[in-house]
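All values below were derived from every heavy atom in this structure, side-chain atoms included, with hydrogens, water molecules and symmetry-related copies excluded. Throughout, residue positions are numbered sequentially from 1 according to the sequence presented.
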Amino acid sequence: MAGGLLSGLGYFLASFATNLAQLYIFIGVFTGIGGTFALWPSLALLSRYFERRRPLATSLALSGAGVASLALSPLFQFLVDLYGWRGALLLVSGMVFHLLPCGALLRPLVLPKDDALAAPPEQAVSWRHRLSSLFGLSLLRHRGFMTYTCCGVLNAAGFFVPLVHLVPHARELDFDEYQAAFLASAVGVADIGGRVACTWLVTCGPLRLCHHLTLWSFLTGVSVLAVPLGRSYGAVLAISACYGFLAGAVLPLRVSTLVEIVGPARIMGAIGLINLMESIGALSGPPLSGWIRDVSGSYKASFLAGGSFLVAGSLGLLLLPGYFSLHTPSPPTQNQEGSKPEDPWNPSQQNGVCLA
């Protein structure tokens, strides 16, 4: 609800902006923070409601973003033509304010496992514990989470390269502007299909979520590496569609795999921390690839760098504790002493038991 309020307020105030700096603040800062507040807590809350069908629930929830990415661009242009850009932003703010009643309909689910991670009575008044609990800082000592986060930083560095450079690359190949723009639309359409298709594949076979994530992330990296191989428009279009299909499955799998690693009780703090750290890769990847293009004089090297980051991040998942086991570790539970939750993903707490 706070995210809907901030995002709607950002678009509303932007409709009255008189200079570019104000647009940076209202649209960049207000809607950026608001969008984060709206998206990730919703996914974290959703993951607490489902276990066996969690990937399907997450994929269906995220498929709305793919539909919106296709519909909102022409709709906004229509509103601009009809009411001007100020009127269009005002109407968009009205749509975004609907996140307030949507948030009011979401009911947080209290799980029995939450009690296992509760603080002992003597620590309940400690400000350090409260701070650590609020931001999930204890996860920084979680080997599985930190391994997963490092891989996520590499993936984020390469994931957004095609979204930023695909259209300029097409223009560099002498395709007209409409053909270049259609490549982005093809990525969006295939993205929706990938998000839904991966949920069916996840239920087939004995592989765990982390295994599926490794496979889909690796193939996404290969598709980015293949972009420079496209010479004709049909080849570039096919590669772009493949990238959209494969990349569409990665985000739902990342959220579901994170729940598998840290457990539903700690998913709120885990999502916040991992997004904070992955933003390093997301912010540095496109500028780095742009610098590579300036140095090399071609986008080919940029796509090769982005694909390499994705492949490296996918292979890094092999270092997750217990990765080669087909048995999914249980979420952290309270040990017999009641002083510290046992973590199946942290080998230091396994008392000699090897998950692999």
What's the verdict on side-chain contact (heavy atoms from CB on, under 4.5 Å) for M277 and L140, showing C-alpha distance, side-chain angles and the deciding distance? CA-CA 11 Å; M277 298 180 184; L140 297 177; 3.3 Å; yes
Salt bridge (Lys or Arg N to Asp or Glu O under 4.0 Å) between E172 and R293, worked out: CA-CA 12 Å; E172 196 176 67; R293 192 272 174 198; 2.6 Å; yes
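Between Y299 and H165, the angle of the ring planes lies from 30° to 60°, which puts this pair in the tilted group. Ring-plane geometry between H169 and F303 is classed as perpendicular, the angle between the planes exceeding 60 degrees on a 0 to 90 degree scale with a lower cut at 30.
Distance check: F309 CZ to S217 OG gives 15.0 Å after rounding to the nearest 0.5 Å.
Between the side chains of T214 and Y323, at least one donor N or O lies within less than 3.5 Å of an accepting N or O.
Contact record, V161 with G306: CG2-CA, 4.1 Å, taken as the closest heavy-atom pair. Looking at every heavy atom in both residues, C210 comes nearest to L317 through O-CD1, 4.5 Å.
Counting heavy atoms from C-beta outward, F245 and W216 have side chains that approach closer than 4.5 Å. Counting only heavy atoms from C-beta outward, the side chains of L304 and L225 approach each other to under 4.5 Å. L106 places a side-chain heavy atom less than 4.5 Å from the side chain of S42. Side-chain contact between L5 and F37: absent, with no pair of heavy atoms (C-beta onward) separated by less than 4.5 Å. Side-chain contact between Y243 and V187: present, with at least one pair of heavy atoms (C-beta onward) separated by less than 4.5 Å. Taking the side chain as every heavy atom from C-beta outward, L213 and V250 approach each other to under 4.5 Å. Residues S256 and H212 fail the side-chain proximity criterion, which asks for heavy atoms closer than 4.5 Å.
When the options L258, V259, L276 are evaluated for a side chain to side chain contact (heavy atoms under 4.5 Å, CB included) with I271, the one that passes is L258.
Under the 6.0 Å distance and 45° angle rule, R254 counts as a cation-pi partner of Y148.
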